[in-house]
Structure formats: C-alpha cells, structure tokens
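First up is the structure itself, then whatever we jot down about it.
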Amino acid sequence: MGSVPSFKTMNPWPAQPQATNPFLTRGEWLKAALHVHTTASDGKVSPREALEAYRRLGYDVVALTDHDRVTLADPPEGLTLLTGAEWAAAVPDSPAGFHFVTIGIGPVEAAPIAALHNRPAKMAALLRTLCPLVIVAHPYWSALTTELLASLGPAGALEVYNHGCELEDALGYSHYAWDQLLARGHHWLGLAVDDSHWSTPDHGGAWVMIKSPDRSPASILAALASGCFYSSTGPAIESFCLSNRTVTLRCSAAASILFRCNGSLGTGLHRPGPGESLTFAEHLLPARARFVRAEVTDSAGGKAWTNPIYLA
Ligand SMILES: [Zn+2]
Ligand SMILES: [Zn+2]
C-alpha cells in the first residue's frame, strides 16, 4: 500500500460521517448525481457526454464513479465535478458482493485496493482513509444482510435508492437495511443515486440535494461527509426539524409523509383523499424513539428521504 496517498493526511474533515441537518445550515442547494458510469468502464456514453447530459438536466454536481478507476474529465460551465470510483469486494452467498462508491477519492493505484477483494471490511477501511465518503451501493440488489453492513463499522453510508437497480430488477429500494442499521445504533447516511449506465433511461431519476456554502469540491465534499443533504426522486423537502420530541416537516405537494423511527415508533400521515395533498406534518415522538428520519411520497410515486436526526 506504500504508494496509496493517505486521505487523512491531506484533508481536514472526518472520514466517519455524522449527520448535520441541512435545513439548519447556511448555503445553497446543489443537485448532485453521485453514481455515474461512462465508457471508461461499462457505461455507454463518454465522460464529457455524461457531464453535459446532467448539466442539461439542471444538475450542479456530478461524480463520475467508473469501476476500478478514477475517471477525469473537463466539466461543462456551471457543473462541479467530484472525483469518484466504484470498487468491488466479494461476499460469500452474495452474487454481487459489496460495491463501494467512493466520492472525492484522489489519484490512487487500483492494485492495492483490488488486493483486498476478499476482505470487504479491510477494503472499506482502506477506502475511508482515501476519501471523505464511502457509500455501500445497492444493498438490496447485492443481497447484503444487515449483519454484513454492520460489519463495516458503526458509521457509514448506503444507497437508500438506486435507480438503475429499480429499473432493471425492481431491487432499488434499500430502506429496510438502513432502518435496521439505525435501530441498532449505527449512524449511517442514506443517498439516492442513478447508477447510470446509459443503456436504459437510467439518468436523472434519483439525486442528492446538498446544502453547501459554495460550489467548490472541497465545500461540497465536506457537506456530503457530514450528512448535510437529502435525497429525492421527485419531491422537494423544505424543512425538517426536531424540537424537544416534536418533529416537523415541510415539503412540496405530497401524498404521504412518514416519520421513521426505531421499530414501529414512527408514524405515517396521509393526504385526506385523491386529488388532495400534504405540505406539512408534525408529530410528537414517543419517549423510546432514538432517531427520526422522514420519507415523503408524491402522487406520482416519487420519494424523498432525509438523513436521521438522533435523539439524546
Ligand atoms: Zn455496483
Ligand atoms: Zn455502479
């Protein structure tokens, strides 16, 4: 591993993410695609074409995350490019094993990472020294158990939604795994991504809204690493706050607003009837609630997910 630079020696922010509430933080909202493939691995469009397509869709930030390599490209005007890559590790009984999406990874040699192919926890630990955010990709599609995910450590990040996996195999939603980790006290972040390969309409379906003080890669990576974002496939979330044990949320027109806690301690609020909508929800959490995260669903089936807020 001698030639792999250490992230911790180069960067000031922590590799272990702790959720920061983006709705209580100053900055601008930036729309981001954080899992994108190109012809540099198994995607069907060039890096430049991928970046231009996302810019046309109004995105502000893209991470190119090709397999086993860091793809470099010149981003079009107005788009911030984050470095990225996706790395595979084997797991017995899982056809796909772990796929780790690394965001903000520096120039690295693939060989020392690939050498840990059969030791996923060691690979994850190495990757966390090389970049500010390591995301476990598509847990449902990879058939990853909660125990396997928890073996990676008490703090991490996973894809709560992977658009490509949903389009191709209806295995895109991984909220069950996320809630299991949170209920066991693991402070994991959740992100929605495209995992675009461009052979199906798999780009522009899921994104992350990051609250960042500016558009520099350093600021955006710091915001991501601290959990200062929410994710969406449609709805916009305007506020999500906890005061004592009362949680409130404001959003664009929704069919339902769910507050999810450990076990069944959360609740669901639904529009009164078809054609009507909700834009606000408030709920007094039970004393045994240890975290709360929100999930908004609109009338078209689009969803948005906040990161958890933890109760003392
Ligand atoms: Zn993958
Ligand atoms: Zn991928």
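Small disclaimer: the values here were computed from a predicted structure and weren't measured. Order of listing sets the numbers, starting from 1, for every ligand and every atom in it. In what follows, every heavy atom counts, from backbone to side chain, and hydrogens, waters and symmetry copies are set aside.
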Inset, instruction - Kindly report the NE2-the Zn ion (ligand 2)-NE2 angle for H37 and H35 respectively, rounded to 10°. - result: 100°
Inset, instruction - Tell me yes or no: between the side chains of H163 and D202, is some donor less than 3.5 Å from an acceptor? - result: no
Legend entry - N, O or S of H138 under 2.8 Å from the Zn ion (ligand 2): no
Legend entry - Verdict with supporting geometry, T246 and S243, side chain to side chain donor-acceptor pair (under 3.5 Å): CA-CA 5 Å; T246 299; S243 176; over 6 Å; no
Legend entry - Any donor-acceptor N or O pair under 3.5 Å, side chains E159, H35: yes
Legend entry - Name of the H99 atom (N/O/S only) found closest to the Zn ion (ligand 1): ND1
Legend entry - N, O or S from H197 under 2.8 Å to the Zn ion (ligand 2): no
Inset, instruction - Examine all N, O or S atoms of H67, backbone included, and report whether one is under 2.8 Å from the Zn ion (ligand 1). - result: no
Legend entry - Mutual orientation of the aromatic rings belonging to H203 and Y54 [parallel < 30°, tilted 30-60°, perpendicular > 60°]: perpendicular
Inset, instruction - May I ask you to check whether E86 brings an N, O or S atom to under 2.8 Å from the Zn ion (ligand 1)? - result: yes
Inset, instruction - Tell me which N, O or S atom of D195 sits nearest to the Zn ion (ligand 2). - result: OD1
Inset, instruction - Determine, using ring centers only, whether F23 and Y230 are less than 6.0 Å apart. - result: yes
Inset, instruction - Write down the atom of L51, the atom of P75, and the distance for their closest heavy-atom approach. - result: CD1-CA, 3.8 Å
